[in-house]
S.K.: 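My questions will all concern the structure given below.
Protein chains get the first letters and strands the later ones, always in sequence-line order, with residue 1 at the start of each.
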2 protein chains.
Amino acid sequence: MKKEKSNPSNRPATMRDVAKLAGVSQPTVSRVLNQSNTAISISEETRIKVMAAVEQLNYRPNVLARGLRTQQTQMIAVMIADISNSFFHPIARAIQDVARERNFDVMIANSDQVYSNELHFIEAVTRRPVDGVIMVPIHITNQFLGEFVTRTNTPVAVLGQHVDHPLIDVVFARDDKAIYDATQWLVKERGHRELGLIGSLDDLPPGPRRAQAFVDALNELQIPVNPAHLLPGDFTLEGGRRAVQQLLETTDKLPTVLVALNDLMAIGAILCLQEAGYSVPDDVAVIGFDDIAEATIVRPALTTIAQEPADIGRKLATCLFERIGDLAMPRRILESPSHLIVRDSA
Amino acid sequence: MKKEKSNPSNRPATMRDVAKLAGVSQPTVSRVLNQSNTAISISEETRIKVMAAVEQLNYRPNVLARGLRTQQTQMIAVMIADISNSFFHPIARAIQDVARERNFDVMIANSDQVYSNELHFIEAVTRRPVDGVIMVPIHITNQFLGEFVTRTNTPVAVLGQHVDHPLIDVVFARDDKAIYDATQWLVKERGHRELGLIGSLDDLPPGPRRAQAFVDALNELQIPVNPAHLLPGDFTLEGGRRAVQQLLETTDKLPTVLVALNDLMAIGAILCLQEAGYSVPDDVAVIGFDDIAEATIVRPALTTIAQEPADIGRKLATCLFERIGDLAMPRRILESPSHLIVRDSA
DNA sequence: AGTGACAATGCATACGATTGCATGCATAAA
DNA sequence: TTTATGCATGCAATCGTATGCATTGTCACT
């Protein structure tokens, strides 16, 4: 009585167990279960015996073992940039939907826009191979990402960032164009001449690209840009508050409108402005980017550039699965639409 | 030239590769890398050779293979009930933090409170074994969950639901007590005598438990409950709106305060009331539960019962890891604090 | 010098599945 | 009756790692 063996076999049933119970060999069980494999014939009799045994033992194939043998894990990994940013929720949901259709599991990770978390994620997916990766890189360099891909041969779909690699597909939103148009709209249709920006030229992606579009639009219209009105922003709610605080401290001439590079910052800015006694949009108008759920909660309701995160998620996922199906697939750069939604904040 | 072999070895390096390069056997490499294993001695010389080879080949252990051998995957799975509910974000974050400390990977799934998604999740973690599971069960029966656990011997930590099983630990928030107290506070301190409820007795967990506390509190105070003021609610923003719509359609005598069983529904209710021309809290006050980020975004700012999701997540995770370390650990039922936060909506 | 202890390492096997190849059998063709 | 054909199945190797056991060499001690 060295080991307690009260449980006859307190572990999930294996193929061997099924085989023994059905009175066939273990490979036969495998063939019955993977009947989809063409050109393999199994007698109806043994198929029934095997299925009965499977049923009786409540057998489920061990995906780990299968993955080791086939080098395919039936799993993709997703790294989003900020789980607190509602923008990513429909994306995650859409990805899970597409994955479900193909019987893939999804492993979601959240980088919180922190570099070490991004590195850890890459480390994790090289140690635990997955069939594909979807990610929103913020700090990670394209080169580093490229090296991961060539080293592991893992297809990757990236959101927002252009990465030049034959195994990496990209989905983006022409956000620069959208910001450019929105900025011009603020000037031409709304008559603003003092515009501020939250999320500056030297911040995290996609900051610089969008900020540049903002600056370009104003240059085009020959509207001067007040450097004190270019605020940094880290794409969080708190970041939006901080930007406005900095604005209030460093200048007494407020812009008439603030262009925030995402909704979270826009909302933070609105809250902070209101707490400081300013009226939005009368004293300072605010416009955001993304059209997240909170945009209709905040008062005044947020004028913003809507993206279609569900569409983005679906594009990312289908792109990825197509490449998983055929590594040689030509590289794709997909565009997801965006459009201005005018509510009350600007 | 049957196969293209342009890449000398276009696949991640294995232990065998490292062994060959270092001129030792594969088990030796394994021992060098798992040096933590006590009582195994490796000469400094070979250790250096091996580490050099590891470095040169950029070797990373394959967690799949290791998991197959050791029956430990270094991975836990988390199923949250609604990724759009901010309440779960700090929970997920805390779990990831704790897991990171222990070098575990986390696989997050989102059930969206849909039964089939819950089933799919259980199916996924029985096919792809994990070392532990954290979940927020909504539809799944305790019995089904218990069967999964006994079948697979997987430790589980559950949020909010009492499940009686030696391998299942529970973290909850005494939400019934909190609702009870808040209800009494609304009556005694705020003078309300017409109270409504969003999230009724026969809804999803944790609805019934909290609803019962609401009813109990009023019975205790001998305040009558108007059945037309007991609204169903599915714990989503939309659900809150629908509840108010139903209320407006079915009765013309509005309650003076609405107790929503979570913040998302409370916010939905506020928005819907305002759109219908009512003032919050003057016409109808609203109180929520959770204290999610949006509670301070909505106007009027939401009076609510605050939970501590980060604490909950930490408790769930540490509980789980303790049990992973020792399956025989006595079963624990942990309580996480909650307290009323009075803002402007009630 | 003989013996035992211990350090350092290799050999072989196992984890749970897939898959190329071989084999046995029944049936059809010669 | 003999030979060819194809269906149904078993055998054995393999994926990458961990580990019990055996083996070798070194050293100290009697």
S.K.: Could you list by number each residue of residues 121-131 of chain A showing a heavy-atom separation from DNA chain C of less than 4.0 Å, or answer none if no residue does?
M.R.: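 Hits under 4.0 Å, by residue number: none.
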
S.K.: Please step through salt bridge (Lys or Arg N to Asp or Glu O under 4.0 Å) for the pair B/Asp97 and B/Arg93, ending with a clear verdict.
M.R.: CA-CA 6 Å; B/Asp97 288 346; B/Arg93 213 175 264 126; over 6 Å; no

S.K.: Between the side chain of B/Gln26 and the main-chain N/O of B/Ala19, is any donor-acceptor distance below 3.5 Å?
M.R.: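 Checking the backbone N and O of B/Ala19 against the side chain of B/Gln26, no donor-acceptor pair under 3.5 Å is found.
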
S.K.: Would you mind reading off the distance between B/Arg16 atom CZ and D/dA13 atom P, rounded to a whole angstrom?
M.R.: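 Nearest whole value for this atom pair: 14 Å.
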
S.K.: Under 30°, 30 to 60°, or over 60°: which ring-plane class applies to B/His139 and B/Tyr115, parallel, tilted or perpendicular?
M.R.: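 Geometry flag for B/Tyr115 against B/His139: tilted rings.
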
S.K.: Whole angstrom is fine here: how far is it from CZ in B/Arg11 over to C1' in D/dG16?
M.R.: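 Answer to the nearest Å: 10 Å.
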
S.K.: Using a cut-off of strictly less than 4.0 Å, decide whether B/Gln71 has a side-chain nitrogen or oxygen near OP1 or OP2 of C/dG16.
M.R.: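 So the side chain of B/Gln71 is within the cut-off, an N or O lying under 4.0 Å from OP1 or OP2 of C/dG16.
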
S.K.: From CG of A/Leu33 over to P of C/dT18, roughly how many Å is that when rounded to an integer?
M.R.: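 Going from A/Leu33 (CG) to C/dT18 (P), I get 8 Å.
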
S.K.: Taking it one step at a time, do B/Arg331 and B/Asp169 satisfy salt bridge (Lys or Arg N to Asp or Glu O under 4.0 Å)?
M.R.: CA-CA 6 Å; B/Arg331 186 164 166 258; B/Asp169 298 299; 5.8 Å; no

S.K.: Could you tell me the separation between the CD atom of A/Glu45 and the C1' atom of C/dA26, rounded to a whole number of Å?
M.R.: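 Between C1' of C/dA26 and CD of A/Glu45: 15 Å.
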
S.K.: Do any side-chain nitrogens or oxygens of B/Thr70 fall under 4.0 Å of OP1 or OP2 in D/dT19?
M.R.: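 No.
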
S.K.: Please determine if a side-chain N or O atom of B/Ser25 lies less than 4.0 Å away from the OP1 or OP2 oxygen of C/dG10.
M.R.: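 Result: yes.
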
S.K.: Tell me, which of residues 53-69 of chain B have any heavy atom that sits under 4.0 Å from an atom in DNA chain C?
M.R.: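 Within this stretch, B/Leu68, B/Arg69 sit under 4.0 Å of the strand.
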
S.K.: Could you tell me whether the phosphate oxygens of C/dT9, OP1 or OP2, come under 4.0 Å of any side-chain nitrogen or oxygen in B/Ser43?
M.R.: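 Yes, such a contact exists.
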
S.K.: Per the atom types in the model, does the base of D/dA18 pair as donor or acceptor with the side chain of B/Gln26 at under 3.5 Å?
M.R.: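 Under the 3.5 Å cut-off, the side chain and the base do form a donor-acceptor pair.
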
S.K.: Using a cut-off of less than 4.0 Å, is there contact between a side-chain N or O of B/Ser30 and OP1 or OP2 of D/dT17?
M.R.: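 Checking D/dT17 against B/Ser30, no side-chain N or O comes under 4.0 Å of OP1 or OP2.
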
S.K.: Is the distance from OP1 or OP2 of C/dT9 to the nearest side-chain N or O of B/Thr28 less than 4.0 Å?
M.R.: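 Checking C/dT9 against B/Thr28, no side-chain N or O comes under 4.0 Å of OP1 or OP2.
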
